[in-house]
Amino acid sequence: MNIERNMAKKVEMKIDLILVGKTTGKLFDTGIHDYVDRIGHYLPFEMTIIPELKNTKNLTEDQQKQQEGELILKRIDSSDVVVLLDEHGKEFRSIELSTWLEKKQQTTRRLVFVIGGPYGFSPAVYSRANEKISLSKLTFSHQMVRLIFVEQIYRACTIIKGEPYHHE
């Protein structure tokens with residue numbers, strides 16, 4: 001009996017984190033890049049930085065969200081699973097996030113997380129999103145959210161692999 005050797009290879013999920021505006025502050029930048037490097041040992045991870053809009057003083061909040069939204073949507077493919085980091089999103093414990101991420105790895109080719117600008121997301125970005133998650137009921141600066149988020153993704157990866165980083 002011949003066994004089929006050309007079985008479809010499991011496609012490794014890639015995570016892309018889209019950010020509006022560059023990270024300011026050396027401490028945040030160093031911490032973020034440390035965790036991004038660590039995540040890279042577990043799965044492909046990339047950060048895409050959308051430059052901040054110029055002359056925002058001449059724009060309303062809605063105009064700013066709309067223009068940022070257009071730039072965000074240009075970086076998203078139709079097959080991507082898009083998750084917004086949003087204060088109204090689902091909250092997870094770290095163990096729950098790791099379970100959620102592990103399930104996504106089985107069904108998703110490219111998982112795109114988006115951290116929006118200072119006023120949030122445009123209606124078009126909300127419409128395109130598959131899910132929303134929240135890191136906390138507390139409000140954090142956009143700089144802190146970036147660091148906390150990449151640490152949580154790293155933590156989820158170590159939980160999935162059964163490594164001793166997380167203590168329950």
Side-chain angles (χ1 to χ4, degrees), residues 4-52 68-86 89-117 121 124-136 140-168:
E4 183 63 41
R5 296 267 183 219
N6 293 331
M7 296 176 71
K9 284 186 179 180
K10 181 183 173 194
V11 177
E12 186 173 35
M13 182 179 75
K14 176 186 179 194
I15 294 179
D16 195 355
L17 172 60
I18 297 176
L19 309 168
V20 175
K22 66 181 183 175
T23 301
T24 57
K26 188 179 263 185
L27 198 59
F28 290 118
D29 196 50
T30 300
I32 290 166
H33 283 91
D34 178 46
Y35 283 111
V36 168
D37 289 344
R38 292 181 191 200
I39 294 166
H41 295 287
Y42 299 94
L43 48 79
F45 186 93
E46 186 176 316
M47 283 194 321
T48 301
I49 299 169
I50 295 173
E52 291 178 5
E68 289 170 349
E70 290 171 6
L71 296 171
I72 290 167
L73 292 171
K74 284 181 183 176
R75 288 162 176 85
I76 295 172
D77 295 330
S78 61
S79 61
D80 293 344
V81 173
V82 179
V83 181
L84 306 181
L85 273 72
D86 184 85
K90 178 177 173 58
E91 289 186 28
F92 291 103
R93 292 176 53 250
S94 294
I95 293 283
E96 294 166 339
L97 180 64
S98 70
T99 301
W100 178 88
L101 186 63
E102 190 171 27
K103 287 179 183 172
K104 291 291 182 207
Q105 287 178 307
Q106 297 167 15
T107 61
T108 305
R109 183 180 199 108
R110 183 167 177 249
L111 182 60
V112 178
F113 292 97
V114 186
I115 298 175
F121 300 105
V125 173
Y126 277 117
S127 292
R128 174 56 185 89
N130 299 92
E131 296 182 53
K132 298 182 291 186
I133 64 173
S134 174
L135 295 178
S136 172
F140 300 114
S141 74
H142 276 63
Q143 305 301 311
M144 282 186 180
V145 166
R146 296 165 187 212
L147 179 58
I148 293 167
F149 177 72
V150 294
E151 190 278 337
Q152 285 299 302
I153 293 297
Y154 170 71
R155 182 177 297 273
C157 290
T158 65
I159 291 169
I160 291 167
K161 293 291 187 185
E163 296 175 356
Y165 180 79
H166 177 77
H167 304 286
E168 218 11 57

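Under the 3.5 Å distance criterion, the side-chain polar atoms of Q143 are matched with a main-chain donor or acceptor of T24. Formation of a donor-acceptor pair under 3.5 Å by the T108 side chain with backbone atoms of R110 is not found in this model. At least one donor-acceptor pair under 3.5 Å links the side chain of S98 to the backbone N or O of I95. At distances below 3.5 Å, not a single donor-acceptor pair connects side-chain atoms of R128 with backbone N or O atoms of A124. In this structure, N130 contributes its side chain and V83 its backbone to no donor-acceptor pair below 3.5 Å. A distance-only check finds no donor-acceptor pair linking the side chain of H142 to the backbone of T23 [under 3.5 Å].
Between Y35 and Y154, the angle of the ring planes lies from 30° to 60°, which puts this pair in the tilted group.
A distance of 7.5 Å separates CG of L19 from CD1 of I32, quoted to the nearest 0.5 Å. Residue I115 holds its CD1 atom at 11.5 Å from CG of D86, rounded to the nearest 0.5 Å. Separating the CG atom in D29 from the CG atom in L147 is a distance of 10.5 Å, to the nearest 0.5 Å. Distance check, rounded to the nearest 0.5 Å: CG of L43 to SG of C157 gives 4.5 Å. We find the NZ-CG distance between K14 and L111 to be 11.5 Å, quoted to the nearest 0.5 Å. For the atom pair E46 CD and I15 CD1, the distance stands at 12.0 Å (nearest 0.5 Å).
Under the 4.5 Å side-chain criterion, counting only non-hydrogen atoms from C-beta, K104 is in contact with W100. Side-chain contact check for T158 versus Y42: some heavy-atom pair is nearer than 4.5 Å.
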Next item on the list: Take L73 and V125 through the test side chain to side chain contact (heavy atoms under 4.5 Å, CB included) and record every step on the way to the result.
Entry: CA-CA 7 Å; L73 292 171; V125 173; 4.1 Å; yes
Original post:
Taking it one step at a time, do E68 and I50 satisfy side chain to side chain contact (heavy atoms under 4.5 Å, CB included)?
Top reply: CA-CA 8 Å; E68 289 170 349; I50 295 173; over 6 Å; no
Audit row: I18, I76, side chain to side chain contact (heavy atoms under 4.5 Å, CB included) steps and yes/no
CA-CA 9 Å; I18 297 176; I76 295 172; 4.1 Å; yes
Query raised in the report: So R38 and Y165, side chain to side chain contact (heavy atoms under 4.5 Å, CB included) or not? Walk me through it.
Result: CA-CA 12 Å; R38 292 181 191 200; Y165 180 79; 4.0 Å; yes
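Only one option out of V81, I153, D16 pairs with F113 in a side-chain contact (heavy atoms from CB on, under 4.5 Å); it is I153. Among Q152, E151, H166, the single residue meeting the side chain to side chain donor-acceptor pair (under 3.5 Å) criterion with S94 is Q152.
More than 12 heavy atoms of other residues, nucleotides or ligands lie within 6.0 Å of CE in M47, so this atom counts as buried by the packing criterion.
Side-chain atoms of H33 and D37 form no donor-acceptor pair, as typed in the model, at a separation below 3.5 Å.
Taking both residues in full, the closest heavy atoms of A156 and L101 are given as CB-CD2, 3.9 Å, listed atom of the first, atom of the second, then distance.
A salt bridge is absent between E131 and K90; no separation between the charged side-chain nitrogens and carboxylate oxygens falls under 4.0 Å.
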